[in-house]
Student: 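There's a structure below that I have some questions on.
Lettering of chains follows the sequences in order, A, B, ..., and the numbering in each one begins at 1.
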There are 2 protein chains.
Amino acid sequence: MYKDLPPIQLLIAFEAAAQLHSFKLAAQALCITPSAVSQQIKQLEQHLNMSLFNRLTRRVELNEYGKAYLRVAEQTLSTYRNCHDSFLYQVSNPILRISMIPFVAYEIVIPALHEFKSLHPNIELRIETSMSLIDFDREPVDAAIRLGDGNWPGLETHSISPCHCALVASPHYITNNPIDTIRNLSGHTLIHMQGSMNDWQRTSEFLKGNTIEHNTKLVMDSYIAAMRAAEQGLGIAIGQLPLLATWLKAGRLVTLNQPVMIPEQYYFVLRKTSVKKEVLLDFYHWLTTKFNAEFNSTDINSHTNFA
Amino acid sequence: MYKDLPPIQLLIAFEAAAQLHSFKLAAQALCITPSAVSQQIKQLEQHLNMSLFNRLTRRVELNEYGKAYLRVAEQTLSTYRNCHDSFLYQVSNPILRISMIPFVAYEIVIPALHEFKSLHPNIELRIETSMSLIDFDREPVDAAIRLGDGNWPGLETHSISPCHCALVASPHYITNNPIDTIRNLSGHTLIHMQGSMNDWQRTSEFLKGNTIEHNTKLVMDSYIAAMRAAEQGLGIAIGQLPLLATWLKAGRLVTLNQPVMIPEQYYFVLRKTSVKKEVLLDFYHWLTTKFNAEFNSTDINSHTNFA
DNA sequence: ACTATAGGTAAGTAATGCTTACTCAAAGGT
DNA sequence: ACCTTTGAGTAAGCATTACTTACCTATAGT
């Protein structure tokens, strides 16, 4: 059936001639000669093995077949034009789906979204919050914000900012549960985060202490829940400085020691082959300034030092 | 917006390559060389100013733009193929809309329709019954069966059969209302048909008589109603022989005189520019045999002659 | 009767699309 | 580690297609 389809480009001349009732006007519209239009339509008629126009003197008009075929041409070409236009719209107004943990979304990205939107009105951001590392091959996301060593095979990584950690608690908690020195936290509740259970192990190594055993454990299912628990005075948590700027400034939490830079960093991660790389990097650069603004505005020396 | 539409024929190679994930296979499908496919797709990419495929080694895969553009190509081409197919279907299974008076439809055409359908299974007939001459420029009909002199400007006419007229009445009526001679019908009811009021005038001239005045008139609104009235014994009507074959054979009516050929004939009428001329003439030839079969099967000498 | 006009046709030319021949890069099989 | 195979990209040349030019035809309008 497909084999004897007339060359699709002939539809263009036919549509113009049919709509304008004139080969001459069609030729003008298409910037070719009337003769070329005549030949193209003759070709189409030969392919269909039927005539499409009644040739009158100095005028052509569609016959019944022509009228029916005009519907073919119009439908086909309008489909092409509409689909093409919406394709171009999609391309020039890309949707960036970016995955991150809820805390980063709520504390850093979302509060500044209106600024990004005003800088890049064409780019539509879709923030996807996820607890764990998403699989780029399965999830329909364009990029992710990840804490790690920057080594994810097949993905392109861009460093956003280093990560400083410090023990945090609410001021109220400190008052009611005095801390002698952070090397001796026995008797205190240590707030853990699910999936990062060895953080306290590492922390104790950093602090050159070994007092983290025999403490009460409180395990929360996310970083945001851990911070909220600390804010409520339920114990001591490990806070990441770039994320806690507003909490520390507002006095919802205080740091108990000089922040320590950990080996992991925050990275912006995207597919190596992403066609949206350009706009994604626009977002990355903007995001980096947001992270650094947060971190620099946090006076990392304003902690209650029990070291 | 339309100006920078890529040449529509490029969609064909793109669709094939995208669906087959291979320029080589696409080339085979299109009966061209892989190089040609590669060049067409390169052209398309240059028009769109973006790449559509990730070129891997010995393999190509659509990137995100390519996936989006595949929808453009598929929609456009499937629209073309579907519309084209339904156009061809329409052409090869034409609908013939043919106008005629109800009597011709009911007595001649419709009883034989199943035969025509078996001879021409592709042709769909639409019988449109109409009391008066329809206007080909306004009504969506392809042809008409008309009684007349064959001279209708702008239309092509083909003679179907001459028309013989005779006075008819029911056998019962004749018994109850004896007729002396058809030159003297005084006292009889003459059944007229609306729109053909001068038929009796002409008939009297044919019969070389002048007795048609001072009779009771019965005016019916159609030929079929006039024949039914005669059948019911309501009076004498003017019957057209080609149409009354079954009625006469069944004894529903009898002729009262030797049928007389009138100047009008039955014609098959169509537009000079009709694109369905071929199938219409198929129908015309079939119709002619039907008319003649009817007429020849009527023994025009089997009348009750009062001349 | 003459002119102007729209379309059709034929021949020549410009443009395009295709093939051929070659290169390249990586995968697969010894 | 080697060579072979394979699919895609490229450049040059060729073949085909599509367009233009010039001329013809028919007719509507003057």
Student: Salt bridge or not between B:Lys276 and B:Glu278? Use side-chain N to carboxylate O under 4.0 Å.
Tutor: no
Student: Within less than 4.0 Å of OP1 or OP2 of C:dT9, is there a side-chain N or O belonging to A:Gln39?
Tutor: no
Student: Reckon A:Gln40 touches a base, only the sugar-phosphate, or nothing at all at heavy-atom distances under 4.0 Å?
Tutor: sugar-phosphate
Student: Tell me: CD1 of B:Ile8 to C1' of D:dA18, nearest whole Å?
Tutor: 17 Å
Student: So, is A:Ser35 close to the D:dC19 phosphate, meaning a side-chain N or O under 4.0 Å from OP1 or OP2?
Tutor: no
Student: Starting at CZ of A:Phe14 and ending at C1' of D:dA18, how long is that distance when rounded to a whole Å?
Tutor: 19 Å
Student: Using a 4.0 Å heavy-atom cut-off across all strands, classify A:Val37 as base, sugar-phosphate, or nothing.
Tutor: nothing
Student: I'd like to know if the side chain of A:Ser86 pairs up with that of A:Gln90 as donor and acceptor (distance under 3.5 Å, no hydrogens or angles considered).
Tutor: no
Student: Distance check needed: D:dA18 P versus A:Gln46 CD, whole Å only.
Tutor: 12 Å
Student: Using only side-chain N and O atoms of A:Thr57, determine if any of them is under 4.0 Å from OP1 or OP2 of C:dA6.
Tutor: no
Student: Nearest whole Å is fine: how far is C:dG7 C1' from A:Gln28 CD?
Tutor: 14 Å
Student: May I have the distance from B:Asn54 (atom CG) to D:dG7 (atom C1'), rounded to whole angstrom?
Tutor: 16 Å
Student: Determine yes or no for a side-chain-to-main-chain donor-acceptor pair under 3.5 angstrom, with B:Ser38 supplying the side chain and B:Pro34 the backbone.
Tutor: no
Student: Quick check on DNA chain D: between A:Ile32 and B:Leu25, whose nearest nucleotide comes earlier from the 5' end?
Tutor: B:Leu25
Student: Check the phosphate of C:dT20 against B:Thr33, side-chain N and O only, distance under 4.0 Å to OP1 or OP2. Yes or no?
Tutor: no
Student: Ion pair present between A:Arg271 and A:Glu156, side-chain N to carboxylate O less than 4.0 angstrom?
Tutor: no
Student: Starting from C1' on C:dT9, measure out to CD1 on A:Ile41 and report it in whole angstrom.
Tutor: 15 Å
Student: Looking at D:dG9, I'd like to know if its phosphate oxygens (OP1 or OP2) sit under 4.0 Å from a side-chain N or O belonging to B:Arg55.
Tutor: yes
Student: In whole angstroms, how far is the C1' atom of D:dT25 from the CG atom of A:Leu56?
Tutor: 15 Å
Student: Let me spell it out: for each of A:Pro7 and B:Val60, pick the nucleotide of DNA chain D with the closest heavy atom. Which residue's pick is nearer the 5' end?
Tutor: B:Val60
Student: OP1 or OP2 of C:dA6 sitting under 4.0 Å from any side-chain N/O of A:Ser22?
Tutor: no
Student: Can any side-chain N or O of A:Thr157 pair as donor or acceptor with the backbone N or O of A:Gly150 at less than 3.5 Å?
Tutor: yes
Student: On DNA chain C, check which nucleotide each of A:Arg58 and A:Lys42 is closest to and give me the residue with the more 5' one.
Tutor: A:Arg58
Student: Can you tell me the distance, in whole Å, between the CZ atom of A:Arg59 and the C1' atom of D:dG29?
Tutor: 15 Å
